[in-house]
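Scroll down for the structure; my scribbles are underneath it.
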Amino acid sequence: MSPIAIEVDSPPQSRTFMRRFAGAPLPWIMPVIVVIGIFYLYPVIDVFRLSFTNATLIGDTQDYTLGSIVNALSSPQLPDILWATLIFVGGSVIGQQILGLAVAVTVIRGEKRGLFGTTILRTTALIAWVVPGIAGGIIWQMLFSEAPYGALNSIFRLMHMPTVAWLSDPAMAPWSTLISNIWRGTAFSMVVMYAALKAIDPSLYEAAEVDGATASQQFFFVTLPQLRAAILVNMILITIQTVNTFDAIITLTGGGPGRATEVISLYVFNIVFRNYDLSGGSVLSVLMLIISLGLAFVYASFLPKEEEQ
Amino acid sequence: MKSATVSAFALSTMLFSASVSFAQELATKDRIGLADAPKSLVVRLTNDSPNNADPAIAEGYQKLFVDFIKKHPDWKLQMQFMSSDIGTEQAKMLEQAKAGNAPDCAAVDSFVLSQFMVNHVLADFTPYFSKEEVDDLFPFIRDGITDKDKTVRAWWWDTDLRVLYRNKSVVADAPQTWDDLKKAALASTKEGMEGVLFNGGRWEGTTFDWLANYWALGGKLVDDSGKPVFGEGENKEKFLKALNYFKDLVDSGAAPKRVSTIANYDDMNAAAAAATTALFIGGNWQYAQLKSTLDEDEFKNWTFSPIPGPTADQRSTGTGGWTIASFSKDKDKVEMCANLAREVYMGPANALQQQLPTRKSLFDKYEVFSTEANKTFAKALVDGQARPGVPIYPEISNQIQIMMGDVLSGTKKPEEALDAAFNAAMEAYKRL
């Protein structure tokens with residue numbers, strides 16, 4: 001219904017209401033504010049509150065204290081957990097970004113040349129993204145299985161190559177979880193990069209060709225600078241996503257062997273649901289929030305300003 | 001004659017349709033009982049229910065539930081089902097119970113029952129079970145379901161135990177001791193096998209299966225007050241001895257290094273099916289699974305025996321199982337929940353799923369438990385030991401899983417790993 005129709009059809013009382021709030025945005029966005037407040041803001045505030053208490057899942061009382069913060073942050077396990085998280089998040093962001101861009105460029109070039117298989121490539125990558133984390137973990141568990149019938153090691157044996165202790169070697173296991181997460185997240189980066197590549201003005205490439213630029217020069221001096229905003233936004237999104245990932249890890253390694261693949265989100269899960277330590281889990285959840293926001297701000301500071309665009 | 005036959009056929013069809021539609025009315029996916037029944041009981045269950053993935057078992061439960069509700073026509077059961085992430089489900093339910101929002105009647109895992117007890121959220125089941133029924137329970141079951149005042153707080157209806165499975169064609173005699181097992185496993189590797197398999201990954205099964213060795217030595221995880229003691233004094237020595245035993249199995253090649261990645265009993269079934277192992281430590285329910293997985297000739301080669309101890313007469317095995325408990329304050333609902341535990345689970349469900357009953361007399365009552373295998377399992381329950389019903393247990397288990405991974409992968413020395421696990425468990429204990 002057009003605004004004119006509202007004007008004509010609406011009863012006088014409704015017209016007065018519309019006119020009164022026509023220039024005021026607050027009444028219109030109030031429902032959104034209420035929903036966000038209840039479902040997003042309140043839990044965050046409660047997590048902050050709980051981190052200043054000694055609440056447990058099985059205790060009846062809770063007192064306000066700074067002890068939980070001190071305990072959680074001085075835990076001897078935390079440095080190892082943060083290191084495992086850094087490897088997992090850093091490796092995932094870099095890997096997904098590079099592979100996503102590579103697949104998107106391949107698809108774009110393939111489409112330009114009318115090659116067969118670009119849709120298949122795009123769909124195949126997207127399947128990995130659609131698969132739930134737990135299912136992804138099970139798939140990679142079968143691939144990495146070190147049993148005599150394990151998929152990847154069986155291929156290595158056929159090729160007379162040494163087998164790999166994918167999950168039982170504490171030095172190798174973090175890389176195995178990383179590979180599985182890169183596999184899963186590449187499609188998201190591909191979609192973002194594909195859209196950004198499509199938006200690049202073709203005249204820039206035409207001008208570059210006139211100037212005699214090679215393909216690699218076009219990529220580094222035209223494509224990449226044009227993708228800067230998309231790359232940074234993508235990095236923010238996949239960083240937050242990866243910091244919060246634990247479903248795939250819990251299925252693939254459970255955080256082991258030992259604590260080799262226990263990232264911070266899994267650590268929080270264990271603290272709350274194994275140790276029943278609600279306040280400790282809340283402190284670490286706030287830490288996760290700070291890490292995610294901090295990284296997001298760092299990336300955002302590199303985003304092109306309006307005048308640059 | 002023809003018209004009589006047609007009439008009879010029509011009548012029988014009509015009656016059959018009526019009975020089918022009645023049955024359908026009584027059982028939907030989330031309700032058992034008539035939709036307009038005046039009384040309602042919210043029930044939250046695991047897959048030991050009509051939600052079972054095996055259609056035959058699901059159908060069997062459906063029948064048990066429909067029969068049950070026919071005896072209680074004023075009631076309807078509003079069904080809720082848990083995911084397979086049991087630890088999280090139970091922790092969530094505890095939170096709900098504390099907030100007064102828990103289901104009226106629910107499945108509670110036996111090893112977290114104490115968490116619910118210490119929070120005083122479980123209704124009193126004592127009036128609904130006779131003294132004879134309680135006395136008929138295995139002692140560890142009886143202790144598990146009663147609180148300090150000897151009040152029955154739940155009904156533990158099934159139990160299980162761990163045994164050593166072996167392929168007789170490769171390992172002819174049952175290993176009796178730790179040394180026997182190591183020798184048998186090493187001998188099996190010479191025939192191209194992987195050696196003995198057991199859970200060593202990050203999950204509860206790893207702790208539980210290994211604890212049998214620690215318990216066989218007489219080790220204790222917690223003292224009478226529920227405080228962790230496994231890293232102190234004699235317990236520490238026993239703990240290290242049992243830990244070094246597993247480490248030695250891996251270091252010597254009697255067990256493959258990949259045991260530190262095994263976090264699922266199905267992995268053992270897969271290895272048995274692929275004929276890559278001749279020995280594994282598993283649960284009693286796996287015997288039926290092997291029977292349905294393996295060819296008849298292959299299955300004949302498989303048998304089981306008690307988990308070897310440090311010596312032949314030092315034996316133990318972990319026992320677990322599920323309980324039914326009520327969180328309701330309404331006495332009618334508590335009674336209905338107790339009825340459900342009694343009429344559906346205490347016996348019929350055991351027989352349906354061939355899950356070991358918790359009462360001695362039920363082994364004689366149901367034919368399925370008269371098989372040689374089930375008789376042997378029942379005898380082995382004598383050595384059964386349940387996990388300590390204390391709030392700190394899940395964190396002790398978590399620390400043992402971490403410790404096992406560190407030790408089996410060679411990241412930490414046993415004593416160093418034990419000290420780290422004990423210190424972490426003590427830190428957690430202080431915060432509880």
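Residue numbering restarts at 1 for every chain, and letters A, B, ... go by the order of the sequence lines. In this text the structure is predicted, and so the values were computed from the model without any measurement.
We find the OG1-CG distance between B/Thr411 and A/Asp169 to be 8.0 Å, quoted to the nearest 0.5 Å. For the atom pair A/Asn71 CG and B/Glu427 CD, the distance stands at 6.5 Å (nearest 0.5 Å). Atoms CD and OG, from A/Glu146 and B/Ser260 in turn, are 7.0 Å apart once rounded to the nearest 0.5 Å.
For the set A/Ser279, A/Gly254, A/Gly280, the entry with the most heavy-atom pairs within less than 4.5 Å of chain B is A/Gly254. Most heavy-atom pairs under 4.5 Å with chain B, from the set A/Trp166, A/Tyr149, A/Phe269: that is A/Tyr149. Heavy-atom pairs under 4.5 Å with chain B peak, among A/Gly256, A/Ala171, A/Ser75, A/Pro148, at A/Pro148.
Atom NZ of B/Lys98 sits in a crowded spot, with more than 12 heavy atoms from other residues, nucleotides or ligands closer than 6.0 Å. Heavy atoms from other residues, nucleotides or ligands lying under 6.0 Å from CH2 of A/Trp175 number 12 at most.
Contacts between B/Ala428 and chain A at a heavy-atom distance below 4.5 Å involve backbone atoms as well as side-chain atoms. Within the 4.5 angstrom heavy-atom criterion, atoms from both the backbone and the side chain of B/Ala270 approach chain A. Of the atoms belonging to B/Val407, not a single heavy atom falls under 4.5 Å from chain A. With a 4.5 Å cut-off on non-hydrogen atoms, B/Asn423 does not touch chain A at all.
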Can you give the donor-acceptor pairs under 3.5 Å from side chains of residues 128-145 of chain A to other protein atoms, not counting sequence neighbours?
residue	atom	partner	partner atom	Å
A/Gln141	NE2	A/Thr251	O	3.1
A/Ser145	OG	A/Ala147	N	3.2

With a cut-off of 3.5 Å and sequence neighbours excluded, list every side-chain donor-acceptor pair involving residues 387-398 of chain B.
residue	atom	partner	partner atom	Å
B/Arg387	NH1	B/Glu204	OE2	2.7
B/Tyr393	OH	B/Glu204	OE2	2.8
B/Glu395	OE1	B/Asn398	ND2	3.3
B/Glu395	OE2	B/Gln399	NE2	2.7
B/Ser397	OG	B/Glu204	OE1	2.5
B/Ser397	OG	B/Thr207	OG1	3.1
B/Ser397	OG	B/Gln401	NE2	2.9
B/Asn398	OD1	B/Arg202	NH2	3.3

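For the side chain to side chain donor-acceptor pair (under 3.5 Å) test with B/Arg431, the passing option among A/Asp277, A/Asn54, A/Thr56 is A/Asp277; the others fail.
Scanning all heavy atoms of the two residues, the minimum distance from A/Pro257 to B/Asp406 falls at O-OD1, 4.5 Å.
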